[in-house]
There are 2 protein chains.
Amino acid sequence: MPRTRQTAHADHSRDRILHAAIREFSEHGLAGARTSAIASAARVNKALLYYYFRDKEALYAAALEEVAGKVADDALAVLGLDCSAGERVLRFALQHFDRIFSRHGFQSLMQQEMVRFRTGQSHAMRILAKKAFEPMWDRTLETVGDGIRSGELCNVDPMQMMYTALGANVFFFLSSPMVRLVTAIDPLDPAAVAGRRTAAIEYLGQTIFTDRKRGARLAKAVLAATPIPENAFPERKTA
Amino acid sequence: MPRTRQTAHADHSRDRILHAAIREFSEHGLAGARTSAIASAARVNKALLYYYFRDKEALYAAALEEVAGKVADDALAVLGLDCSAGERVLRFALQHFDRIFSRHGFQSLMQQEMVRFRTGQSHAMRILAKKAFEPMWDRTLETVGDGIRSGELCNVDPMQMMYTALGANVFFFLSSPMVRLVTAIDPLDPAAVAGRRTAAIEYLGQTIFTDRKRGARLAKAVLAATPIPENAFPERKTA
DNA sequence: TTAATTTAACTAACCAGTCAATCAATGCCT
DNA sequence: AGGCATTGATTGACTGGTTAGTTAAATTAA
């Protein structure tokens, strides 16, 4: 069907709502988010939210889906790269780090949803799992498996490997507010982030490859080839 | 001041409220928690909450403080044990794992608070940092430093070591709802938890000690000496 | 009696969600 | 071309239910 100028403009509104929602939900959670805040951030009347989305929860689900979709697309692109399995794993971990840094709202949303899901009140998550995480997961295990079979990677349980690799990334950002309060260091200072980024990937390189030298070399190469992305989703100034 | 039977009973009510609050807040967050739900879970009239606590936020702060205090006490006890620095670090990491498992509410509460703090709307956190986390943190760095100086532990940045060790624990539990949906495995099944617990500590033993054999041996010993605790805070049955 | 503890009943504010009305393109008819 | 109905997009004003927080009275222990 042909896009008229009107429906194009409408899409634009819908989009602004969705992105305002991602921000608001990631900062305040489902219960804490205010629909009026979303509307005004999107520069739109509150009733318009209900024109495009059934209710608050549907908007929340749409926000989650948008985020998960982007994450999965990015990840699949990296895992489909034309390089060795080991390098793909390194790039995957690096992308994971960079995403949490540059789009912290995404991570925040997912984390909150995990907690909500755990307490047995989330339906959205099932959809996300099928649509975004399952393909990503399968592809990751496949890649690690390839690496092990070819002898490039150490023969350890791929799942345990992922816990270590991704857990360190998540925890670094998760703990940063507390670390900033307790120590004199600000872990989110650009230099500190860059340092941790390098440390995490080099550490992974030295840990998962059978040939440690090669792992270290690859880690350095991947880091050199991948600049730190801009923070696309900066914290809002506190009023 | 002498404890009368009346004030003892009062403390009991206050205590029930506090623990009901920990549960409710950890499951629903500050905004999602309902004061009436807390009151009825504590088998108490809602007005009593406001007799003991100024308002919802004060109750939330008290819940956080209670949790952080317990965590810090437990941790300091382990770090003060009469054994080698390396063993203390292993025990510390194991205790961290066991705490997240057996008192998931604690972890959930802390995580939510980190997000809240990050968006610049938390005052409670500053108090926690000084009261609970700073002593714990100092003591941990001290212990790792001792281990390095005595040659027992590898000379790596203690902070990076902690990110790896604790991050893996947090991430294992954080990701479990998603893993359960995506794979056929339930990571929270007792056997799976026990497996991950062993893997995490043995991995740490093999990674941070200069003498890997000794690290592996110590890890096994510590695991053997520490039974998995009961889940003191089981998930509520979903209605 | 007195002071600490506990409650039933109430209120004020807030907030998700609705509705009727308006606005702006698009196409149609003559 | 110019009016005119149609359809989609958007809004201001409203409401009903929920929930944090209050109050004044009742209960209990010492």
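By convention in this document, chain letters (A, B, ...) are assigned in the order of the sequence lines, proteins followed by strands, and residues within each chain are numbered from 1. Please read these numbers as outputs of a predicted model, since none were measured by experiment.
- Here A:Phe173 and A:Phe97 bring their ring centres to under 6.0 angstrom of each other.
- Between the P atom of C:dC15 and the CD atom of A:Glu57 lies a distance of 18 Å, rounded to the nearest Å.
- Contact annotation: B:Thr35 reaches the phosphate of D:dA20 (side-chain N/O to OP1 or OP2, under 4.0 Å).
- One interatomic measurement links the two molecules: CZ of B:Phe53 to C1' of C:dT5, which rounds to 14 Å at whole-angstrom precision.
- Residues B:Arg180 and B:Ser176 fail the side-chain proximity criterion, which asks for heavy atoms closer than 4.5 Å.
- Residue-to-nucleotide contacts include a donor-acceptor pair under 3.5 Å from the side chain of B:Lys46 to the base of D:dG21.
- Separating the CG atom of B:Leu49 from the C1' atom of D:dT19 is a distance of 12 Å, rounded to the nearest angstrom.
- Whole-Å rounding puts the A:Leu30 CG to C:dC15 C1' distance at 14 Å.
- OP1 or OP2 of D:dT10 lies within a sub-4.0 Å distance of a side-chain N or O belonging to A:Ser13.
- The CZ atom of B:Arg88 sits 7.0 Å away from the CZ atom of B:Arg139 when rounded to the nearest 0.5 Å.
- Taking side-chain N and O atoms only, A:Arg34 has no distance below 4.0 Å to OP1 or OP2 of C:dC14.
- DNA chain C is contacted by both B:Tyr51 and A:Ala31; B:Tyr51 maps to the nucleotide lying nearer its 5′ end (nearest heavy atom per residue).
- A donor-acceptor contact shorter than 3.5 Å is absent between the side chain of A:Ser108 and the backbone of A:His104.
- Residue A:Tyr52 contributes atom OH, which lies 18 Å from atom C1' of C:dT18 at whole-angstrom precision.
- Protein atom CZ of A:Arg54 is 16 Å distant from nucleotide atom P of C:dA16, rounded to whole Å.
- Across all strands, A:Ala33 comes closer than 4.0 Å only to sugar-phosphate atoms, never to a base (heavy-atom distances).
- For A:Asp55 and D:dT18, the CG to P distance is 15 Å, given to the nearest whole Å.
- Using cut-offs of 30° and 60° for the angle between ring planes, the B:Phe172 and A:Tyr163 rings count as perpendicular.
- Residue A:Asn45 places no side-chain N or O under 4.0 Å from the OP1 or OP2 atom of D:dT10.
- Between B:Arg43 atom CZ and C:dT7 atom C1' there is a gap of 16 Å when expressed in whole angstrom units.
- Remark: A:Tyr50 is not in phosphate contact with D:dT10, judged by side-chain N or O atoms under 4.0 Å from OP1 or OP2.
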